[in-house]
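One structure below.
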Amino acid sequence: MWRRSLLAGLLGAVVACGPAAAAFDRAAIAAQACGGAAGMTDAANAMAAGLVDASADDAKWTVALAGAAIDRGLKCGPGGAMIVRSEGAVNAVTLSPVDGGGGTSPLLSLKNRPLFETVRAAATLRSGATADERGAALAALERRAGSLPPEFFEKAAETEADAGLKARILGVGQAALLNSPDMPKRIAAIEHIAATSDRRALTRVDGLKSDPAYRTDPAFRGAVDEGVASIGRWLALSNALNVFYNGLSFASILFMASAGLAIIFGLMGVINLAQGEFIMIGAYVAYAVQETLRAVAPSLIDWYLIAAIPVVFVVTAGIGVAVEATIVRRLYTRPLMTLLATWAVSLLLVNLMRVAVGTQNLQFVTPWYISGGRLLMGDFIVTWNRLFAIVFAAVTLALTWFVLKRTPLGLNIRAVTQNRAMAGCVGIATRRVDMMAFGLGSGLAGLAGLALCPIYNVNPQMGSNFIVDSFMVVVLGGVGTLAGTAIASLGVGQINVLIEPLYGAVAAKVIVLLMIIAFLQWRPEGLYAVKGRRK
């Protein structure tokens, strides 16, 4: 604190001297840097004050001189100051090449080193070639914002081309004003920082409660209290949005994993324990599409998720049709045997994948359109990978609803679900409907695996983590109903995400299961019941 106060005082004195005092005299600054500890302090203060109105060339020169002083590359000799670099020596004033590299390097004291580091970061912020360089310099200055004139950040923001970085610069400048001797400016800075509503702003404003002015100035105390309360309200809202968003993304995966199971279970009464493995197959088919594009068309690899959608659905639906035609069809009248048979199928698929591919997690390319996210307010960040899963689930829900409600296949599925015998009597090929419905349910599970690729570990065991939750969703929503499955997925996902941070993942699943059991005691048919469903 005493270093910051000393530098702020010295800078204030320099700035108060007027434009002439802040003029950038390279020769004088270089001479001061070779004048011992006191001279180096004066050089740092002169560079910091001059950077407010410095040109781009002066800012680059400041980076060179301050960096040389920090790295012991500044040499002071009879011929004047020079900077020794790996490619040779240059004059410290003109930066033109010179012969020799003699002289002594001035030693930075513990007081002067942070001053020169601040000056170098400030000059880099004004002259950095890339936004990344300027951003890194600003990050270093955030901890020392109070040691620079607030006008410096205003000037830096005026010349900054990157909009995001410009907003950050202005924010740091407002933070610097928190320690201003001008009380109206401090209050205005508090109001400006409180408008950002993140945890860093809360820390900054809440820390002002230890300021002497908080006890003596009612206006300052009121501004601090109102700022803390405002930030707290926005943070509470952003936390609630985070919980809702994470729950919605989890619910979207649950829905896609459960929708196919709801169709199969509601239509045929088959408890398909291999449904989780169809999720796994969908993820592995997406990986195969990625690797194919990598080999055939590397420039299109970012679009493998989109290209894999029809491939995943067709492959997993085809495997589902094959399983139904060869195994499940012969066991419709023996529910226990279908349970054991689908369990055996799940074990077979897992072990086949282990032998063929291995047990390690697959490495997926993260396309640009699902990378990163956007900070909307407070701590609420919309991540593009989770948004992809949510939108994908919504589109899947719409298409599945269209198939079930507006196509002949959907009409036949609903007819067989409500009354199998009567559907057969009016000429519907119930066996064919069973096979197509099993394929549709398997294809939906495969699409769930594709949606999981960007946000989940893909390995042969991944499907087993969703099968129990899927059955809970199907039973809670009402067997065979798409609307019930969607609502139950949303409820289970939101409750699970809400409870998990408080009691842990295992306890959250137990609590959710107990809540579902209690609900089914009151309403055994679930949220929705299909009229005329076969008992």
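These values consider heavy atoms only, across backbone and side chains, with no hydrogens, waters or symmetry-generated copies.
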For this session: Using a 4.5 Å cut-off on heavy atoms from C-beta on, say whether the side chain of F250 contacts that of Q494.
Result: no
Exercise. How close do A389 and I253 get, heavy atom to heavy atom, and via which atoms?
Worked result: CB-CD1, 4.1 Å
Exercise. Got a sec, which residues hit side chain to side chain contact (heavy atoms under 4.5 Å, CB included) with T130, two or more places apart in sequence or on another chain?
Worked result: D132, E133
Exercise. Counting only N and O atoms by type, is there a donor-acceptor contact under 3.5 Å from the side chain of R221 to the main-chain atoms of Y214?
Worked result: yes
Problem set entry | CZ (F244) with more than 12 external heavy atoms under 6.0 Å | no
Exercise. For Q363, does the CD atom sit with more than 12 other heavy atoms under 6.0 Å from it, leaving out its own atoms?
Worked result: no
Exercise. To the nearest 0.5 Å, what is the distance between CD1 (I264) and OG1 (T338)?
Worked result: 11.5 Å
Exercise. Would you call V228 and K209 a side-chain contact if the rule is heavy atoms closer than 4.5 Å?
Worked result: yes
Exercise. Side chains of N272 and F278: closer than 4.5 Å at any heavy-atom pair?
Worked result: yes
For this session: Report yes if the side chains of L362 and N459 come closer than 4.5 Å at any heavy-atom pair, otherwise no.
Result: no
Problem set entry | Contact summary for A156 and T159, nearest pair of heavy atoms | O-OG1, 3.2 Å
Exercise. Roughly how far apart are S346 OG and M280 CE, rounded to 0.5 Å?
Worked result: 9.0 Å
For this session: Determine the minimum heavy-atom distance between Y245 and L387, stating which atoms define it.
Result: OH-N, 3.0 Å
Seminar exercise, completed: Separation between CD1 (I279) and CG (L450), nearest 0.5 Å, reads 12.0 Å
Problem set entry | Under 3.5 Å donor-acceptor, S258 side chain and F255 backbone | no
Exercise. Is the Y456 to F466 ring centre distance short of 6.0 Å?
Worked result: yes
For this session: Apply the test side-chain contact (heavy atoms from CB on, under 4.5 Å) to residues F471 and L476: give CA-CA distance (whole Å), side-chain angles for both, the deciding distance (0.1 Å), then the verdict.
Result: CA-CA 8 Å; F471 273 107; L476 176 63; over 6 Å; no
Problem set entry | Chi angles and distances behind the side-chain contact (heavy atoms from CB on, under 4.5 Å) call for N239, V243 | CA-CA 6 Å; N239 290 337; V243 171; 5.7 Å; no
For this session: Return yes when atom CE of M462 has more than 12 non-hydrogen atoms of other residues, nucleotides or ligands closer than 6.0 Å, and no otherwise.
Result: yes
Seminar exercise, completed: The salt bridge (Lys or Arg N to Asp or Glu O under 4.0 Å) partner of E160 among R126, R134, K166, K155 is R134
Problem set entry | Qualifying side chain to side chain donor-acceptor pair (under 3.5 Å) pairs with a residue from residues 293-306, counting only residues at least two apart or across chains | E291-R294
Exercise. Going by heavy atoms in the side chains, are I190 and F220 under 4.5 Å from each other?
Worked result: yes
For this session: Examine distances only and state if a side-chain atom of D206 and a backbone atom of L202 form a donor-acceptor pair shorter than 3.5 Å.
Result: no
Problem set entry | Worked check of side-chain contact (heavy atoms from CB on, under 4.5 Å) between D211 and R186 | CA-CA 12 Å; D211 192 286; R186 295 188 76 183; 2.9 Å; yes
For this session: Decide if atom OH of Y369 counts as having more than 12 heavy atoms of other residues, nucleotides or ligands within a radius under 6.0 Å.
Result: yes
Exercise. Which atom names give the shortest non-hydrogen contact between S464 and E277, and what distance separates them?
Worked result: N-OE2, 4.2 Å
Problem set entry | Rounded distance [0.5 Å steps], OG1 in T316 versus CG in L440 | 10.0 Å
Exercise. L237 versus R233: any side-chain heavy-atom pair under 4.5 Å?
Worked result: no
For this session: Would you check if the side chain of S442 reaches a backbone N or O of A317 as a donor-acceptor pair within less than 3.5 Å?
Result: no
Exercise. Looking at A283 and F364, what are the two nearest heavy atoms and their distance?
Worked result: O-CZ, 3.5 Å
Exercise. Within a strict 4.5 Å, meaning less than it, do heavy atoms of the F438 and V321 side chains meet?
Worked result: no
For this session: Determine the minimum heavy-atom distance between F392 and L447, stating which atoms define it.
Result: CE2-O, 3.4 Å
Exercise. With side chains defined as the heavy atoms from C-beta onward, is the minimum distance between L444 and I263 less than 4.5 Å?
Worked result: yes
Exercise. Atom CG in L404, atom CG in L399: separation rounded to 0.5 Å?
Worked result: 11.0 Å
For this session: Could you check L513, L520, I467 and say which one makes a side-chain contact (heavy atoms from CB on, under 4.5 Å) with M472?
Result: L513
For this session: Apply side-chain contact (heavy atoms from CB on, under 4.5 Å) to the pair L254 and V492, showing each step before the final yes or no.
Result: CA-CA 9 Å; L254 274 183; V492 171; 3.8 Å; yes
Seminar exercise, completed: To the nearest 0.5 Å, atom CG of L375 lies from atom CD1 of I381 at 5.5 Å
